[in-house]
Engineer: 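One structure coming up, written as structure tokens, with questions to follow.
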Amino acid sequence: MDITPDQEPYIQELSRDWYHGKVAEVAMLRLDVIHQHVSGNKWYKLKYNIAFCRDHGINSILTFGGAYSNHLAATAAMANISGLKSIGVIKGTYAEKELTPTLRFCIDNGMQPVFVSHEDYARKYDNDWLAELSVRFNNPMFIPEGGANEYGRKGAKEIAGLIPERYTHVAVSVGTGSTLCGVVDGVGDNVRILGFAPMKGGKYLQEEISRYTDRRNFTIFDDWHFGGFGKHTEELVLFMNEFYKENNISLDMVYTAKMMYGIRQRIQGGLYQPGARILCIHTGGLQGNTSLKDRLEY
Ligand SMILES: *Cc1c(COP(=O)(O)O)cnc(C)c1O
């Protein structure tokens, strides 16, 4: 069954005050509005995976993630809506005793959780282990952690089709880099893609992503990790509240808040020409804000 979006994505210009009018335009591509539970880039990354299952008569999906993973939550929801069974291999046996809101959501959406130690989880690309899991769960479709496969990149390429030609730069946050890769492949020659990595040492992604595309129209920044993946500082929370007040857009703590912080700092540093038009992709992920909810003013 095809699932219908709640709302089509659209472009929202940001308040000129927020970027002090230093460039011609800064806007957000609101992928976060697509679906309440399969929001943002996950919608695009999962759609061809789901279609593959449908076309090949596969009735279950097995994937991997941590206890706060947007990918797990989106997969559980999309599988549920599409009438597929889902199995989530979850990093950390502690997670079984301390179910996070993300994991609760997954289980409520019919995902069968399989809690494994960090050592076992590290074998997520090991063919012997995958073969064991395949037998145990009756030949499910395997989707790698973060939805990082060819179907994910194929779906992400459609995001480029939503980007009007006037933009000179596109900013996107990067986890596995599948979304960025799709966008990099789909945009015209005059656009520069700016990838913001939310973890320490994310620069390695420049090389990693270069294995999947011949284009070199992108740069990865890893200066705005705020302590590491999933970590935040008080300053970031203040920034999120201020961004909401000025632009009426909720950002997520793990990805999009760090990207917007980074892009504003770069704009204020005069790194873009006054004529630049920058489109920032809102990749969704708002479910991950649950742990901050008492400190967010939205
Ligand atoms: C998953 C996710 C990303 C990272 O996407 P990749 O394709 O793995 O790079 C970025 N932003 C949000 C909000 C996400 O949930």
Side-chain angles (χ1 to χ4, degrees), residues 9 28-49 63-78 88 101-102 105-106 124 143-160 170-186 193-199 202-213 218-222 224-226 229-230 232 236 240 243 249-263 280-290 292:
M28 278 202 112
L29 174 58
R30 300 286 308 270
L31 301 184
D32 57 307
V33 302
I34 293 178
H35 193 274
Q36 190 189 356
H37 298 308
V38 192
S39 77
N41 60 340
K42 303 303 186 280
W43 174 275
Y44 292 90
K45 287 176 31 162
L46 287 169
K47 62 189 274 194
Y48 290 107
N49 280 291
T63 194
F64 302 82
Y68 299 91
S69 163
N70 292 336
H71 164 70
L72 270 190
T75 304
M78 192 112 159
T102 303
F105 174 85
C106 290
K124 64 198 173 199
I143 303 181
E145 182 182 62
N149 62 8
E150 60 178 298
Y151 307 107
R153 290 189 290 275
K154 178 179 172 186
K157 198 168 170 180
E158 290 182 2
I159 299 170
V170 172
V172 60
S173 53
V174 177
T176 65
S178 311
T179 304
L180 179 131
C181 195
V183 174
V184 153
D185 274 338
I193 311 294
L194 315 169
F196 288 85
M199 74 291 275
K203 274 253 162 59
Y204 83 94
L205 284 157
Q206 185 84 36
E207 211 177 300
E208 171 77 14
I209 294 162
S210 300
R211 291 165 43 198
Y212 298 101
T213 175
F218 67 98
T219 311
I220 304 291
F221 303 104
D222 65 1
W224 293 280
H225 57 69
F226 294 85
F229 188 73
H232 65 275
L236 189 69
M240 291 164 79
F243 188 86
I249 299 175
S250 307
L251 299 174
D252 86 293
M253 176 261 282
V254 179
Y255 292 100
T256 52
K258 293 179 181 181
M259 167 180 78
M260 294 314 288
Y261 194 104
I263 193 73
C280 309
I281 302 183
H282 196 319
T283 39
L286 296 167
Q287 68 92 23
N289 282 347
T290 318
L292 282 188

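Every number for a ligand or one of its atoms is a count from 1 in the order of the listing. Keep in mind the model is a prediction, meaning the values are calculated, not measured. For the numbers below, each heavy atom of this structure counts, side chains included, while hydrogens, waters and symmetry mates do not.
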Engineer: Could you see which bit of His71 sits under 4.0 Å from ligand 1, with heavy atoms only: side chain, backbone, both or neither?
Structural biologist: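 It is neither part, as no heavy atom is under 4.0 Å.
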
Engineer: Counting N and O atoms only, with roles assigned by atom type, does the side chain of Asn149 sit under 3.5 Å from a partner on the main chain of Ile143, one being a donor and the other an acceptor?
Structural biologist: no

Engineer: Is the OH atom of Tyr48 crowded by more than 12 outside heavy atoms at less than 6.0 Å?
Structural biologist: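 Yes.
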
Engineer: Begin from the C-alpha positions of Met78 and Lys42 and carry the test side chain to side chain contact (heavy atoms under 4.5 Å, CB included) through to its verdict.
Structural biologist: CA-CA 9 Å; Met78 192 112 159; Lys42 303 303 186 280; over 6 Å; no

Engineer: Hey, is the main chain of Lys258 close enough, under 3.5 Å, to the side chain of His232 for a donor-acceptor pair?
Structural biologist: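 Answer holds: no.
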
Engineer: Hey, does the side chain of Ser39 reach the backbone of Gly285 with a donor-acceptor pair shorter than 3.5 angstrom?
Structural biologist: yes

Engineer: Within a distance under 4.0 Å of any heavy atom of Gly285, pick out the atoms of ligand 1 and give their elements.
Structural biologist: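 Counting atoms of ligand 1 from 1, those under 4.0 Å from Gly285 are 13 (C).
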
Engineer: Taking heavy atoms and a distance under 4.0 Å, where does Thr179 meet ligand 1: side chain, backbone, both or neither?
Structural biologist: both

Engineer: Taking atom 11 (N) of ligand 1 as the point of reference, which of Val254, Leu205, Leu286, Thr283 owns the nearest heavy atom?
Structural biologist: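 Looking at heavy atoms only, Thr283 sits closest to atom 11 (N) of ligand 1.
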
Engineer: Would you please determine whether Lys42 falls within less than 4.0 Å of ligand 1 on a heavy-atom basis?
Structural biologist: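 True for this residue.
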
Engineer: Is it the case that ligand 1 has an N or O less than 3.5 angstrom from some N or O of Tyr255?
Structural biologist: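 No, no N or O pair falls under 3.5 Å.
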
Engineer: Taking the side chain from Gln287 and the backbone from Val38, do they hold a donor-acceptor pair closer than 3.5 Å?
Structural biologist: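 No, because the side chain of Gln287 does not come within donor-acceptor range (under 3.5 Å) of the backbone of Val38.
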
Engineer: Give the numbers and elements of all ligand 1 atoms closer than 4.0 Å to a heavy atom of Ser173.
Structural biologist: 10 (C), 11 (N)

Engineer: State the atoms of ligand 1, each with its element, that fall below the 4.0 Å cut-off from a heavy-atom position in Asn70.
Structural biologist: 14 (C), 15 (O)

Engineer: Counting only heavy atoms closer than 4.0 Å, does ligand 1 sit against the backbone of Asn41, its side chain, both, or neither?
Structural biologist: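 Side chain only; the backbone of Asn41 stays clear of ligand 1.
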
Engineer: Within the structure, is a non-hydrogen atom of Gly40 found at a distance of less than 4.0 Å from ligand 1?
Structural biologist: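 It does not, in that no heavy atom of Gly40 comes within the 4.0 Å cut-off of ligand 1.
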
Engineer: Using distance alone, determine whether Gly177 and ligand 1 share an N or O pair under 3.5 Å.
Structural biologist: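 In this structure, Gly177 places an N or O atom under 3.5 Å from an N or O of ligand 1.
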
Engineer: Would you mind listing which atoms of ligand 1 come within a distance below 4.0 Å of any non-hydrogen atom of Val174?
Structural biologist: 9 (O)

Engineer: How far is atom 6 (P) of ligand 1 from its nearest protein heavy atom, and which residue and atom name does that atom have?
Structural biologist: Lys45 NZ, 3.3 Å

Engineer: When the ring planes of Tyr261 and Phe226 are compared, do they come out parallel, tilted or perpendicular, using 30° and 60° as the limits?
Structural biologist: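 Correct class here is perpendicular.
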
Engineer: Can you list the ligand 1 atoms lying under 4.0 Å from a non-hydrogen atom of Thr176?
Structural biologist: 6 (P), 7 (O), 8 (O), 9 (O)

Engineer: Just to verify, which of Phe229, Trp224, Phe196 counts as forming a ring pair (Phe, Tyr, Trp, His ring centres under 6.0 Å) with Tyr255?
Structural biologist: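 Among Phe229, Trp224, Phe196, the one meeting ring pair (Phe, Tyr, Trp, His ring centres under 6.0 Å) with Tyr255 is Phe229.
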
Engineer: Any N or O of Gly175 that comes nearer than 3.5 Å to an N or O of ligand 1?
Structural biologist: yes

Engineer: Look at the side chain of Asn289 and the backbone N and O of Met253, then say whether any donor-acceptor pair between them is shorter than 3.5 Å.
Structural biologist: yes

Engineer: Hey, which atoms in ligand 1 end up nearer than 4.0 Å to a heavy atom of Gly284?
Structural biologist: 13 (C)

Engineer: Which residue pairs satisfy the salt bridge (charged side-chain N to carboxylate O under 4.0 Å, His left out) criterion with at least one member in residues 143-156, sequence neighbours excluded?
Structural biologist: Lys124-Glu145

